[in-house]
Amino acid sequence: MIAIKSIATRAIATGSAAVFLLMGCTQEQQNKLGREIQNWTGTNGVLEFYAGDKLVRRFIKIDKLSTAMGTDDGKPRPYRYGYGVLDENFNFVADSGEKKVYFEISDYGSNYLFFENPR
């Protein structure tokens with residue numbers, strides 16, 4: 001019984017310390033932490049590409065978009081990448097025959113929209 005109380009006390013102390021540390025973070029640090037948590041837990045994302053005002057590609061069931069990092073210097077590269085199902089008929093459903101694929105998005109001139117699937 002004493003061991004359970006000891007574990008519970010340590011868990012409460014650890015949680016309290018985490019809250020106090022988070023309160024000391026700047027807003028940008030809190031935002032970054034929130035994005036990292038969301039990247040870890042995943043989302044039901046949709047990525048749409050446009051040519052002018054026309055939708056030309058849609059990827060669904062995306063868990064996250066990642067920023068490419070340099071192998072040697074660790075600096076961010078000018079593109080994002082991820083995995084998602086290519087929604088060929090634009091119906092927001094992964095139909096049979098629509099496969100999960102890898103994609104990359106350039107920071108230079110790509111007209112795209114990334115959002116959480118409302119369905």
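Predicted model, so just to flag it, every value in this text is computed and none were measured.
The cluster map of Ile, Leu, Val, Met, Phe, Trp and Tyr, joined by side-chain heavy atoms under 4.5 Å apart, puts V56 and V101 in the same cluster. One hydrophobic cluster, built from ILVMFWY side chains closer than 4.5 Å, holds both L86 and L65. If you chain together hydrophobic residues whose side chains sit under 4.5 Å apart, I60 and L113 fall into the same group.
Taken to the nearest 0.5 Å, the CG atom of D107 stands 12.0 Å off from the CZ atom of R77. Atom CG of residue N91 and atom CD of residue E98 lie 6.0 Å apart, to the nearest 0.5 angstrom. For the atom pair OH (Y81) and CD1 (I105), the distance works out to 12.0 Å, reported to the nearest 0.5 Å.
Contact check for F114 versus I62: side-chain heavy atoms found under the 4.5 Å cut-off. Looking only at side-chain heavy atoms (C-beta outward), E88 and D95 stay at 4.5 Å or farther from each other. Within the 4.5 Å cutoff, the side chain of D87 has no heavy atoms near those of the V46 side chain.
Between the side chain of R58 and the backbone N or O of F90, at least one donor-acceptor pair lies under 3.5 Å. Side chain of E104 to backbone of Y79: no donor-acceptor contact under 3.5 angstrom is found.
Across all non-hydrogen atoms, the minimal contact from P76 to M69 is CA-SD, 3.6 Å.
In this structure, Y102 places its OH atom where more than 12 heavy-atom neighbours from other residues, nucleotides or ligands lie under 6.0 Å away. Surrounding CZ of R57 are at most 12 heavy atoms belonging to other residues, nucleotides or ligands under 6.0 Å away.
When each of Y112, F115, F92, F103 is checked for a ring pair (Phe, Tyr, Trp, His ring centres under 6.0 Å) with F59, only F103 meets the rule.
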